[in-house]
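One structure is given below, encoded as structure tokens.
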Amino acid sequence: MTVEAKERVYLNYINGEWTASSSGQTKSNVNPANVEEVVGVVQSSTGEDLDRAVAAAKAAQKAWRKLSGPARGELLYKAANIMESRLGEIAQTMTKEMGKTFPEAKGETARGVALLRYYAGEGSRKVGDVIPASDSQGLMFTTRVPLGVVGVITPWNFPVAIPIWKMAPALIYGNTVVFKPAHEAGVTATKIIECFAEAGFPAGVVNFILGPGSVIGQGIIDHPDIAGITFTGSDYTGKRIAQGALARGAKYQLEMGGKNPVIVLNDADLDQAADATISGAFRSTGQKCTATSRVIVQSGIYEQFKDKLISKLKEIKIGDGMQADTWMGPCASESQMKTVLSYIEKGKEEGAKPIFGGGRLSGGEYDKGYFVEPTVFERVSPNMAIVREEIFGPVVAMMKFDEVEEGIRMANDSEFGLSASIFTKNIGVMLEFIQDMEAGLVRINAESAGVELQAPFGGMKQSSSHSREQGQAAIEFYTSIKTVFVKP
Ligand code: NAD
């Protein structure tokens with residue numbers, strides 16, 4: 001498709017100007033709930049475009065770093081107000097572009113606004129400590145300095161919140177940014193950048209470039225002028241980023257996949273647990289890194305819990321996320337749907353039994369989109385692909401255990417360690433779970449998905465590079481500590 005397409009064409013934003021890719025190539029993004037609707041046309045950029053974006057970010061960095069923290073914060077507050085005034089429009093774009101329901105998209109956009117305000121405030125908070133020097137006349141203290149140019153590479157599943165929880169701290173601590181979102185969320189990402197542009201950030205401070213991961217993503221990994229790379233996405237891409245960044249000594253931060261368990265004990269409030277399992281597993285069509293994908297249930301209530309889960313699942317309305325009664329939307333793209341369906345088939349082939357769902361939805365409006373049934377498997381064994389690998393779709397595997405220790409051991413039997421939850425009334429078991437569960441986020445009597453912007457977020461094991469994002473933890477990645485000694 002060329003830039004003459006009749007749909008609205010969205011541009012890159014480099015050095016304060018909206019510009020087309022030097023390749024002249026573009027890509028159309030369609031609505032996964034109705035593939036006949038083109039949501040917008042985004043750029044397919046080249047290494048040359050990336051070089052210009054990095055050069056602009058590098059040139060702007062010194063003046064940006066020299067602005068005071070509160071002055072940088074003022075610009076983030078402005079961007080927050082602009083985004084808030086456009087909340088409904090941005091959320092609608094998100095729903096149409098990647099399928100999550102409109103209420104979820106509004107919630108996420110409001111989260112983006114709150115993140116901008118939180119990090120705007122960070123511009124006025126402390127950045128160092130005074131440490132007693134061995135020379136009694138000397139003054140020793142630490143301060144924080146920005147990395148320089150930060151490359152931001154993001155997935156499509158939280159197209160507003162993730163870019164903002166990376167860009168806002170990068171900017172407030174004095175870095176400039178080159179942002180490459182997933183193309184599947186390119187129109188939504190453009191709207192975030194419009195808010196930054198309108199807020200009046202100096203040219204070159206925020207640069208935005210759309211293009212293939214293999215070109216622009218790889219270019220960010222390799223670029224000698226990018227000092228730090230922050231990435232959220234798949235395990236596979238994350239490992240490439242780590243290797244590339246390590247090879248040239250760049251700082252990097254990775255947030256990757258999950259295979260998050262919920263453990264339901266005999267003494268749990270079963271309605272609460274079933275509601276939370278459904279919400280954790282199937283909201284956003286299971287496309288959250290913190291989504292519940294393994295349901296580990298104590299034998300005494302297994303059948304009863306299963307019946308509750310199934311009867312509640314029957315109430316779920318699946319459809320276009322813009323319709324008021326839709327609870328679950330489509331998969332975000334055709335390739336995502338194909339991946340999910342292939343896992344469902346693999347589960348069947350390996351001998352697991354689907355007790356709910358298990359296929360693509362068809363007929364009527366479903367024929368126009370990428371709709372998959374919420375799917376529950378039982379009779380699974382620990383080595384099956386649906387138990388071990390991240391599916392990133394509306395599929396869960398149910399397993400049974402007898403003793404609490406066994407349940408926690410099963411929950412830990414994964415290469416991932418992002419989030420986990422447990423349902424019980426027993427405080428001793430809660431404490432055991434908090435201690436023994438290998439996950440960066442553990443939640444008691446609450447679903448596995450649920451991240452708060454003021455608290456550190458990140459995974460253990462293969463889910464992360466062991467760094468943390470959000471809250472005040474963000475300063476650790478986006479700055480370096482400088483220790484200063486002054487002798488008058
Ligand atoms: P992905 O890894 O395919 O893509 C993520 C980003 O990396 C995109 O912008 C993509 O263009 C880019 N990319 C692709 N190839 C690249 C390369 N060779 N070099 C550099 N960049 C490249 O992931 P996705 O499918 O967009 O997102 C889904 C994944 O994201 C899931 O695994 C999910 O668990 C994970 N995720 C993790 C978190 C978290 O915080 N842990 C949050 C959301 C999503």
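Residue numbers run from 1 in the order of the sequence given. Whatever order the structure lists them in is the order used to number ligands and atoms, beginning at 1. Every value quoted in this text rests on a predicted model; they were computed, and no experiment measured them.
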Determine, using ring centers only, whether Trp156 and Phe392 are less than 6.0 Å apart. yes
Check whether any N or O atom of Trp165, backbone or side chain, sits under 3.5 Å from an N or O atom of ligand 1, and answer yes or no. no
Matching residue for Asp225 among Arg248, Lys58, Arg52 - test: salt bridge (Lys or Arg N to Asp or Glu O under 4.0 Å): Lys58
Do the side chain of Arg443 and the main chain of Glu447 share a donor and acceptor less than 3.5 angstrom apart? yes
Could you check whether any heavy atom of Phe457 sits closer than 4.0 Å to an atom of ligand 1, since that is the contact criterion I want to use? yes
Kindly state if atom 4 (O) of ligand 1 has a protein heavy atom within a strict 4.0 Å cut-off, that is, under 4.0 Å? no
Looking only at side chains, do Glu122 and Tyr173 share a donor and an acceptor under 3.5 Å apart? yes
Per-residue contact class, Thr154 against ligand 1 - non-hydrogen pairs under 4.0 Å: backbone
Donor + acceptor pair across side chains of Ser333, Glu184 (<3.5 Å): no
When you measure from atom 23 (O) of ligand 1 to every protein heavy atom, which one gives the shortest distance, and what is it? Ser234 N, 3.3 Å
Name the closest protein heavy atom to atom 41 (N) of ligand 1, giving the residue it belongs to and the distance to 0.1 Å. Met256 O, 2.7 Å
Nearest heavy atom to atom 35 (C) of ligand 1 wins, so pick from Ala185, Ala291, Gly233. Gly233
Yes or no: does Trp156 have any heavy atom under 4.0 Å from an atom of ligand 1? yes
Residue portion contacting ligand 1 (non-hydrogen atoms closer than 4.0 Å) for Glu390: side chain
For atom 12 (C) of ligand 1, what is the closest protein heavy atom, and at what distance to 0.1 Å? Ile153 CG2, 3.7 Å
